[in-house]
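Since the structure comes first, as structure tokens, the remarks are kept for the end.
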Amino acid sequence: MGALNLAEWQKLPISLSELCINTTLRCGQSFRWRKNDAGVWSMALHNRILSLHQDPQYLYYRSIPPSARQTPPTPPSSHPPSISEPTDDDTLELLHHYLNLAPNLTDLYQQWSASDANFAKKAPKFTGVRILKQDAWEALVGFICSSNNNIARISQMVHKLCINYGPLLGHLDDEPYHDFPPPHALAQDGVEAKLRSLGFGYRAKYLYRTACMISSKPDNWLETLRNPESPTLGVEPTSGSDWAPEGRPGYRAAHTALLTLQGVGPKVADCVCLMGLGWGEAVPVDTHVWQIAQRDYKFGKGKHASLTKATYDAVGNRFRALWGREAGWAHSVLFTADLRAFSERLVAKVEKVEEGVVIGVKMEGGDEGEQDVVKVEEVVERGIKREAEEEGESKVLEVEEKVVRKTKRRRKA
DNA sequence: ATGCAACCTATCTA
DNA sequence: ATAGATAGGTTGC
């Protein structure tokens with residue numbers, strides 16, 4: 001962890017409340033970031049390899065530009081003489097855009113907390129969750145892969161797409177980094193069979209057919225569906241004349257257009273709207289969000305007993321009415337809180353341990369009461385397995401196992 | 001308009 | 001140890 005020479009990195013002052021890459025880059029938005037043992041996140045992006053590291057004061061960044069590679073794709077003479085190589089300012093601009101740094105996340109969290117007690121309760125453990133501005137095509141492909149799937153396998157599948165169909169940009173830590181393949185690369189004969197052999201399952205056909213459909217449209221078709229408001233500043237009142245719980249007309253139009261693609265249903269369409277097209281009000285209702293809607297927002301009964309198309313829209317409208325124009329951002333915070341990969345943050349905090357006896361246990365992130373004691377106990381167990389794989393903090397593990405035994409006795413007492 | 005089985009696969013769960 | 005459920009769903013009947 002400590003063998004990083006950060007002196008050679010560019011840095012940007014930013015607080016963990018405004019951006020937490022450790023949460024944002026692995027909460028199921030983007031599937032290509034990889035973290036090494038030194039805590040450096042890397043990904044091929046826009047013809048370069050980008051690396052990130054964060055501490056409480058700064059976001060550190062650096063990129064391996066095309067010029068550092070063996071064979072530049074374009075001769076230097078084709079560039080204007082003043083800008084012969086990508087500069088670090090260029091990278092900063094790219095970062096600012098990709099990480100979507102314009103909106104003030106702290107203000108937004110405050111707004112959502114003021115209008116929703118449940119958000120106020122859950123959010124403090126999951127600050128700095130920011131919606132990335134990803135490429136729309138990449139988001140589309142990634143979320144077509146996401147159906148009936150888990151984040152680990154989705155990431156693996158996207159990686160295979162890049163390896164097999166994306167241009168090689170270079171190496172880092174002896175590993176190849178490929179850029180994301182363009183639509184025409186996936187619209188070739190034989191792609192479906194190849195993807196099946198690579199383990200994509202029934203999504204192989206969806207990807208091939210959607211790639212063909214996108215390739216047959218004008219090049220900028222996806223871009224025409226984008227939110228034209230360049231940076232979405234979220235601090236203005238959300239009850240403007242153009243605002244409705246259904247969302248803005250441009251968002252509805254984009255959503256409808258995306259539904260015509262193979263393998264794209266309402267949930268995937270909303271993921272692309274939110275993370276690829278800049279529509280902050282898009283609320284993807286997946287299995288997690290549906291659970292949340294039932295548990296914390298009184299859905300799941302009467303008219304909205306099951307997740308039909310009508311219920312899907314009702315859930316989105318409810319959250320948009322509650323959280324406002326950046327409802328999709330707030331949704332992602334609660335979604336992240338529900339992910340198993342982050343369940344360790346809901347673990348009860350051990351105040352003191354003496355001779356194997358738990359003296360005090362403080363619950364965080366849940367209601368009081370018998371029901372939740374059982375819930376937390378389950379979360380603790382999953383948290384242990386998770387940590388054992390990733391961090392290997394043996395002392396913490398021992399303590400938490402004792403917590404498990406302690407709380408287990410209270411099961412259904 | 002709602003309900004339902006089928007769809008690929010790796011991992012978790014009981 | 002092993003069948004069943006689940007993981008950021010969509011499709012077609």
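Below, read A as the first sequence line, B as the second, and so on, with proteins coming before strands; counting in each chain starts at 1.
- A:Val285 comes within 4.0 angstrom of no nucleic acid atom, judged by non-hydrogen atoms across all strands.
- In this structure, CG of A:Leu339 is placed 15 Å from C1' of B:dC12, rounded to the nearest angstrom.
- Checking C:dT11 for Watson-Crick or G-U wobble geometry (two distances, each under 3.5 Å) identifies B:dA5 as its partner.
- In this structure, the nucleotide among B:dC7, C:dG8, B:dT2 sitting nearest to the side chain of A:Lys303 is B:dT2.
- Across all strands shown, A:Gln291 has no heavy atoms under 4.0 Å from either base or sugar-phosphate atoms.
- Backbone-only contact: A:Arg196 has heavy atoms under 4.0 Å from sugar-phosphate atoms and none from a base.
- Distances were taken from every side-chain heavy atom of A:Thr308 (C-beta onward) to each of C:dA7, C:dG8, B:dG3; the shortest belongs to B:dG3.
- In this structure, A:Asp270 places its CG atom 13 Å from C1' of C:dG9, rounding to the nearest Å.
- The aromatic rings of A:Tyr312 and A:His255 sit tilted, their planes meeting at an angle between 30° and 60°.
- The six-membered or imidazole ring of A:His288 lies near that of A:Phe335, with a centre-to-centre distance under 6.0 Å.
- Distance A:Lys309 NZ to B:dT2 C1': 14 Å, rounded to the nearest Å.
- Here, B:dT2 and C:dC13 have their C1' atoms 13 Å apart, quoted to the whole Å.
- Here the nucleotide nearest the side chain of A:Tyr206, chosen from C:dT11, B:dT2, C:dG8, is C:dT11.
- Note: CZ (A:Arg340) to C1' (B:dC12) measures 6 Å, nearest angstrom.
- Base pairing annotation: C:dT2 forms a Watson-Crick or G-U wobble pair with B:dA14, both donor-acceptor distances under 3.5 Å.
- To the nearest angstrom, C1' of B:dA10 lies 9 Å from CD of A:Gln156.
- A 6.0 Å sphere centred on CG of A:Asn36 holds more than 12 heavy atoms belonging to other residues, nucleotides or ligands.
- One N or O donor and one acceptor, one from the side chain of A:Tyr202 and one from the base of C:dG9, sit under 3.5 Å apart.
- Ring centroids of A:Phe319 and A:Tyr297 are separated by less than 6.0 Å, placing the two rings close together.
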